[in-house]
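Notes follow the structure.
What you see below is based on every heavy atom in this structure, not just the backbone, and it leaves out hydrogens, waters and symmetry mates. Here is how names work: the chains are called A, B, and so on, in the same order as the sequence lines, proteins then strands, and each is numbered from 1.
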Number of protein chains: 2
Amino acid sequence: MERKFNRGPAMRDVARAAGVSAQTVSRVLSNHPNVQESTRQRVMAAADELDYRRNNMARALVTGRSKTLGVLTLATNNYSRSSLALGVELGAREAGYTVNSVTSGLSAEALTGAVSRLVNQGVDGIIIAAPLRDAASTVRRLTMRVPTVNTDGSSGISDGLVGVDQDLAAVLATRHLLELGHATVWHVAGPEDWSDSAARLGSWRRTLEEAGREVPPELHGDWSPESGYRNGLVLGRMPEVTAILVASDEMAFGVIRALSELGRRIPEDVSVVGIDDIDLAAYSNPPLTTVRQSFEDTGRRAVTHLVELIANPGMDNPPDLAAPVLVVRGSTAPPPAA
Amino acid sequence: MERKFNRGPAMRDVARAAGVSAQTVSRVLSNHPNVQESTRQRVMAAADELDYRRNNMARALVTGRSKTLGVLTLATNNYSRSSLALGVELGAREAGYTVNSVTSGLSAEALTGAVSRLVNQGVDGIIIAAPLRDAASTVRRLTMRVPTVNTDGSSGISDGLVGVDQDLAAVLATRHLLELGHATVWHVAGPEDWSDSAARLGSWRRTLEEAGREVPPELHGDWSPESGYRNGLVLGRMPEVTAILVASDEMAFGVIRALSELGRRIPEDVSVVGIDDIDLAAYSNPPLTTVRQSFEDTGRRAVTHLVELIANPGMDNPPDLAAPVLVVRGSTAPPPAA
DNA sequence: GTACATTCTGTTATGGATAACAATCATAAG
DNA sequence: CTTATGATTGTTATCCATAACAGAATGTAC
């Protein structure tokens, strides 16, 4: 009845082997200053010999810090999710934290359930990378006890907001198209309840208005390439459409595909600008003009902020928005001569 | 000197409020059978009133199970990583586990360090989605105590291997191109030390040999679109190249881009097949013929396996390989008439 | 009414580490 | 030589929940 996997040795076992108290072992492993060199070496040798590994849960229990961060993302596999998650991982590792990831659907129950799991898990801080919508108040109650950073401002939680200046992103893209000579710019927006999406939409509209251009009705997708394709099938049928700002590169791929199928050439007939600059944007056909925003960087900054917030709970916590950059490639050109 | 974030109430606080012992609270929360209904309700009310949440770490400490799975991925943001991670999350949630994610570079130190962090964190099981190469033996030592599943067989750990039949994937792709009438098929492989990559390479070669075709020298990329582009610049200069099997869709995008820039039309001049069927494959220009393998599904299956292994440490654990499917789209066609 | 099983609840020990305090020893200062 | 000071190590209490055991209360069988 031998178990294949058993608990390893505990600190007291190391202590016994080294002929010291458990506390001394703890001191050695935590690099406390006042330990005699010879003792340190004996303890290290014993720990090594027994292949001892400190039990982080016991440690967390007594210190009250788990050295773990929770990150909540949506359960969809898009570029922004995965690169943000990667940034969080990397940032957390550098800061000496491990990451507990949970995913959730968009419903209020799913979101609060996910946050709840993180809180129960005893994380020291939480990064929420999802629009909370009507789950906002419930989640805020849950996170009373845990420092929290958001990467989506739609919940109205501007405290601890880390992200990219979406207003600027849309301005850059829209202006680029206008400067090329297009009369106006159409917009395939993201879902209405994402703050990023709403910010881009508002800013696109404002830019057109300020330039005294007609503001065409906006279309909406759900970030998926397929939704871009659907919207592209609509826009491609309208000859007056010569410039389109698509709220994400992934949707832009779909838009371009649909336009191509309808016989509209990119960029000769229609110019398309995406947002994000995903890895594949430079390698599409034609290469995609887009507005770069690094989600990985956002993830890292979220961690940095969160770690500061953990160390200093009462601190000021103004929004931290990075500036996106326009990347001009082959999918934009002056409008066809009428 | 008021702390903004403090520990919440403990079980004893709930017990006091409900006028029972802590053990009874524990029983109520764990749905033990022998608790009187009136007591249960009083406890529930008290817990609710105090907004009590059970401390999972204390729980894990005494039960010896953290209900947490660790997953190790590489610190690169490609499609396979993120969709596998998503599958793991979803599977874990369904199985009642939370996920601890760590990323690592390819070096032996980074890999062992990452696994080490997971073990220290007290996870109940580990999913390794990275080629271990020379870190294999060290890692195996580390995972003696923790049930482990691999999604890459290069480490020689075929025990607990979950993935997709890569031999079949390459066979399907290669045969498809041969059946279209191409004289032979060129291959842009992945990095040499990934087992997936090696399996595809071997199987591509075997398929050509069995068909009595010339086996051209293979090229290697690193899974990135950029590496595909570089290889494409080479292949596009050779007029005899009419069919290319690229080991991942992301590299295939790069290959196609390079071929286009060199004036070779897809699929009229050159046919290209990818592997993976990423979300964007259907929306590229032209849509990409590829071999579909669901990494998300692999992640889920890895969790299922792992959970079984945790419950039954001594169990048989043969490789579990899913069958990939050929998806024909617009990037393949018969060779140009010579 | 006695003997025994069941149901419900409480008490104590435990998991593995660290904080706070106490004790010892050596060295420096007076 | 005495006292203060600092370095080094050990002891005890604690974090929070659960397992194992124990006790009380109720019901059942004869």
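Neither OP1 nor OP2 of D/dT18 sits under 4.0 Å from any side-chain N or O of B/Arg65. For A/Arg59 and C/dG16, the shortest distance from a side-chain N or O to OP1 or OP2 is not below 4.0 Å.
No side-chain heavy atom of A/Val43 sits less than 4.5 Å from a side-chain heavy atom of A/Arg40. Side-chain contact between A/Ile310 and A/Arg65 is present, with heavy atoms from C-beta onward closer than 4.5 Å.
Across residues 44-53 of chain A, A/Tyr52, A/Arg53 each have a non-hydrogen atom less than 4.0 Å from an atom of DNA chain C (numbered order).
Between B/Asn31 atom CG and D/dA17 atom C1' there is a gap of 16 Å when expressed in whole angstrom units. Straight-line distance from the NZ atom of B/Lys67 to the P atom of D/dT18: 13 Å, rounded to whole Å. Counting to the nearest Å, the P atom of C/dA17 and the CZ atom of A/Arg54 are 8 Å from each other.
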Under 4.0 Å protein heavy-atom contact, by nucleotide of nucleotides 24-29 of chain C - B base, S sugar-phosphate only
------
List the protein contact pattern of nucleotides 5-13 of chain D with one symbol per nucleotide (5' to 3'): B for base contact, S for sugar-phosphate-only contact, - for none; contact means a heavy-atom distance under 4.0 Å.
---BBBB--
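The side-chain contact (heavy atoms from CB on, under 4.5 Å) check on A/Ala108 picks up A/Asp134, A/Ala135, with sequence neighbours excluded. In this view, A/Ser30 and A/Arg54 satisfy the side chain to side chain donor-acceptor pair (under 3.5 Å) rule, not counting sequence neighbours. The side chain to side chain donor-acceptor pair (under 3.5 Å) search around A/Thr112 returns none, not counting sequence neighbours. Scanning for side chain to side chain donor-acceptor pair (under 3.5 Å) contacts around B/Asn312 gives an empty result, with sequence neighbours left out. Looking at residues two or more places apart in sequence or on another chain, you find no side chain to side chain donor-acceptor pair (under 3.5 Å) involving B/Tyr97. In this structure A/Arg141 satisfies the salt bridge (Lys or Arg N to Asp or Glu O under 4.0 Å) test with no other residue, sequence neighbours excluded.
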Throw together a table of side-chain donor-acceptor distances under 3.5 angstrom for residues 116-132 of chain B, partners on residues two or more places apart or in other chains.
| residue | atom | partner | partner atom | Å |
| --- | --- | --- | --- | --- |
| B/Ser116 | OG | A/Arg53 | NH1 | 3.1 |
| B/Asn120 | OD1 | A/Arg53 | NH1 | 3.1 |
| B/Gln121 | OE1 | A/Asn56 | ND2 | 3.2 |
| B/Gln121 | NE2 | A/Thr68 | OG1 | 3.0 |
| B/Gln121 | NE2 | A/Thr98 | OG1 | 3.3 |
| B/Asp124 | OD1 | B/Ser66 | N | 2.9 |
| B/Asp124 | OD1 | B/Ser66 | OG | 3.3 |
| B/Asp124 | OD2 | B/Ser66 | N | 3.1 |
| B/Asp124 | OD2 | B/Lys67 | N | 2.7 |

Exercise answer: donor-acceptor pairs, residues 70-78 of chain B side-chain atoms, under 3.5 Å, sequence neighbours excluded:
| residue | atom | partner | partner atom | Å |
| --- | --- | --- | --- | --- |
| B/Thr73 | OG1 | B/Arg81 | NH1 | 3.0 |
| B/Asn77 | OD1 | A/Ser82 | OG | 2.8 |
| B/Asn78 | OD1 | B/Ser80 | OG | 3.3 |
| B/Asn78 | OD1 | B/Arg81 | N | 3.2 |

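Closest to the side chain of B/Thr63, from the set C/dG16, D/dC16, D/dA19, is D/dA19.
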Test salt bridge (Lys or Arg N to Asp or Glu O under 4.0 Å) on B/Asp297 and B/Arg300 and set out the steps.
CA-CA 5 Å; B/Asp297 178 61; B/Arg300 294 187 108 107; over 6 Å; no
CA sep, side-chain torsions, deciding dist, call: A/Asn55, B/Leu61, side chain to side chain contact (heavy atoms under 4.5 Å, CB included):
CA-CA 9 Å; A/Asn55 183 321; B/Leu61 186 56; 4.0 Å; yes
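The terminal axes of the helix from C/dG1-D/dC30 to C/dG30-D/dC1, fitted over 5 pairs per end, subtend an angle of 40° to the nearest 10°.
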